[in-house]
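So the structure is just underneath, and the comments pick up after that.
We use all heavy atoms of the structure for the numbers below, so side chains are in, but hydrogens, waters and symmetry mates are not.
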Amino acid sequence: MSSPTPDALLGPADVRELAAALGVRPTKQRGQNFVIDANTVRRIVRTAEVRPDDVVVEVGPGLGSLTLALLEVAERVTAVEIDDVLAAALPSTVAARMPGRADRFALVHSDAMRVAELPGPAPTALVANLPYNVAVPVLLHMLDTFPSIERTLVMVQSEVADRLAAAPGSRVYGVPSVKANWYADVKRAGAIGRTVFWPAPNVDSGLVSLVRRAEPVRTSASKAEVFAVVDAAFAQRRKTLRAALAGWAGSAAAAEAALVAAGVSPQARGEALTVEEFARIAEHRTAGSRATENRASGNGTPDNEEQDQQ
């Protein structure tokens with residue numbers, strides 16, 4: 001495999017020139033902030049510990065800044081892009097700047113939330129600069145849909161990074177924290193300043209590392225059942241679990257019974273519980289209360305859970 005040329009990555013002038021040629025104006029609606037610093041994308045690849053045998057999936061590649069840095073190292077890169085113009089242009093950018101590695105690249109023109117399969121070998125890593133307004137649901141969807149992904153590194157809004165990596169007891173621990181921990185061990189992996197983007201966002205960014213659990217959470221409850229408890233617990237996070245889970249269980253008394261059976265204090269609050277404790281609660285929901293709300297919660301967050309927006 002040939003080596004890329006020293007100027008293969010995109011710099012500030014390259015990004016602006018590409019955008020102008022395509023008539024692209026970054027939109028807030030899609031959270032588009034293009035990375036213009038080659039050192040930053042190489043740092044992301046190093047922090048992600050991308051290996052020469054990795055098959056990497058990237059979400060929201062934009063003009064290709066991170067894509068090219070990933071292709072310097074990985075065996076194969078598949079990028080998922082929803083924007084029509086950007087999706088059409090990216091293969092040409094890769095071919096022009098890294099012709100010796102163009103055959104290692106694939107483009108999927110789709111909404112990442114609807115992607116159910118990818119071309120080529122199963123992905124081993126996810127590395128992405130995720131649009132701030134959809135970061136959490138996209139991350140959870142990808143982890144759920146592609147269990148072959150062992151390692152993930154995402155760049156997200158700094159506050160979202162804090163929530164994803166928060167531990168029980170933290171004031172920012174919530175639905176994203178618990179659901180991410182269902183799949184992986186999660187930690188903050190660095191900070192990214194505003195000046196490496198064009199246009200510069202009005203928020204700071206953070207890197208989050210997720211290493212898939214060696215063993216899934218041990219529980220007889222399904223993921224949907226556990227996530228339903230999580231959603232209910234944080235929908236009214238100031239309430240005790242006895243009160244917050246009353247609707248989920250069918251009554252406050254039924255919620256208390258499930259909590260006691262799970263070894264969790266009915267007076268506790270959701271932010272104090274681990275994902276394993278939420279799973280135990282889900283296991284002890286009575287048959288009657290299951291019939292009360294027989295629907296899967298999916299990967300989203302409750303309406304009043306703070307969203308990951310700019």
Side-chain angles (χ1 to χ4, degrees), residues 4-22 24-50 56-74 77 79-83 85-87 89-90 93-94 96-98 105 112 125-136 138-139 151-165 186-210 308-310:
T5 58
D7 60 349
L9 301 193
L10 300 176
D14 300 311
V15 170
R16 291 184 171 87
E17 182 180 328
L18 267 174
L22 297 172
V24 169
R25 302 186 70 140
T27 68
K28 206 168 186 180
Q29 178 185 5
R30 288 187 175 164
Q32 289 173 329
N33 299 95
F34 301 129
V35 181
I36 57 174
D37 181 62
N39 290 329
T40 296
V41 291
R42 283 200 172 108
R43 174 191 163 197
I44 291 171
V45 173
R46 285 195 307 271
T47 304
E49 298 182 357
V50 175
V56 180
V57 59
E58 180 190 8
V59 174
L63 292 168
S65 298
L66 179 56
T67 311
L68 294 168
L70 289 167
L71 278 167
E72 283 189 327
V73 180
V77 176
V80 180
E81 176 59 64
I82 189 174
D83 186 282
V85 174
L86 295 175
L90 188 53
T93 300
V94 170
R97 302 189 78 90
M98 287 189 181
F105 173 73
L126 166 65
V127 184
N129 170 22
L130 291 178
Y132 294 156
N133 54 340
V134 294
V136 171
V138 165
L139 172 63
R151 287 164 290 112
T152 294
L153 188 81
V154 292
M155 179 160 57
V156 294
Q157 182 178 338
S158 186
E159 289 78 4
V160 177
D162 289 339
R163 292 205 298 276
L164 283 167
V186 190
K187 66 177 182 179
R188 280 290 299 254
I192 302 290
R194 306 179 187 192
T195 59
V196 303
F197 295 97
W198 173 72
N202 57 5
V203 294
D204 292 321
S205 299
L207 298 176
V208 181
S209 167
L210 301 97
D308 50 321
Q309 297 176 344
Q310 296 190 61

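Annotation: salt bridge (Lys or Arg N to Asp or Glu O under 4.0 Å) contacts of R194 (sequence neighbours excluded): D204. Residues that satisfy the side-chain hydrogen bond (donor to acceptor under 3.5 Å, both in side chains) test with R46, not counting sequence neighbours, are absent from this structure. A search for side-chain hydrogen bond (donor to acceptor under 3.5 Å, both in side chains) contacts involving S205 returns Y132, not counting sequence neighbours. Judged as a side chain to side chain contact (heavy atoms under 4.5 Å, CB included), and not counting sequence neighbours, the contacts of A89 are L22. Applying the salt bridge (Lys or Arg N to Asp or Glu O under 4.0 Å) rule to D37 yields no partners; only residues at least two apart in sequence or on another chain are considered. For V45, the side chain to side chain contact (heavy atoms under 4.5 Å, CB included) test picks out V50, L66, A69, L70, V73, with sequence neighbours left out. Residues that satisfy the side chain to side chain contact (heavy atoms under 4.5 Å, CB included) test with I36, not counting sequence neighbours, are P12, V15, R16, W198.
R151 places a side-chain N or O within 3.5 Å of a backbone atom of E49 that can act as its donor or acceptor partner.
Within the 4.5 Å cutoff, side-chain heavy atoms of L164 are placed close to those of L139. Inter-residue side-chain proximity for T152 and S209 is flagged as unmet; no heavy-atom pair is nearer than 4.5 Å.
Closest of all the heavy-atom pairs between A112 and V59 is CB-CG1, 3.6 Å. The two residues A161 and V156 have their closest heavy-atom pair at N-CG2, 3.6 Å. Of all heavy-atom pairs spanning L90 and G64, the tightest one is CD1-CA, 3.5 Å. In plain terms, the two heavy atoms of V56 and A74 that are nearest each other are CG2-CB, 3.8 Å. Of all non-hydrogen atoms in A189 and L153, the two that sit nearest each other are CB-CD1, 3.9 Å. Minimum interatomic distance between R188 and A165 (heavy atoms only, all atoms of both residues): N-CB, 3.7 Å.
We find the CD1-CZ distance between I192 and F197 to be 6.5 Å, quoted to the nearest 0.5 Å. Between the CD atom of E81 and the CG atom of L86 there is a distance of 5.0 Å, given to the nearest 0.5 Å. Distance check, rounded to the nearest 0.5 Å: CG of L10 to OG1 of T93 gives 7.0 Å. Taking CG of N129 as the start and OG1 of T40 as the end, the distance is 10.5 Å to the nearest 0.5 Å. Atoms CG and CZ, on D14 and F34 in that order, are 14.0 Å from each other to the nearest 0.5 Å. Expressed to the nearest 0.5 Å, how far CE of M98 lies from OG1 of T67 amounts to 9.5 Å.
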> Yes or no on side chain to side chain contact (heavy atoms under 4.5 Å, CB included) for V160 and M155, after CA distance, side-chain angles and deciding distance?
Replying inline: CA-CA 10 Å; V160 177; M155 179 160 57; over 6 Å; no
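Annotation: salt bridge (Lys or Arg N to Asp or Glu O under 4.0 Å) contacts involving residues 56-68, sequence neighbours excluded, are absent.
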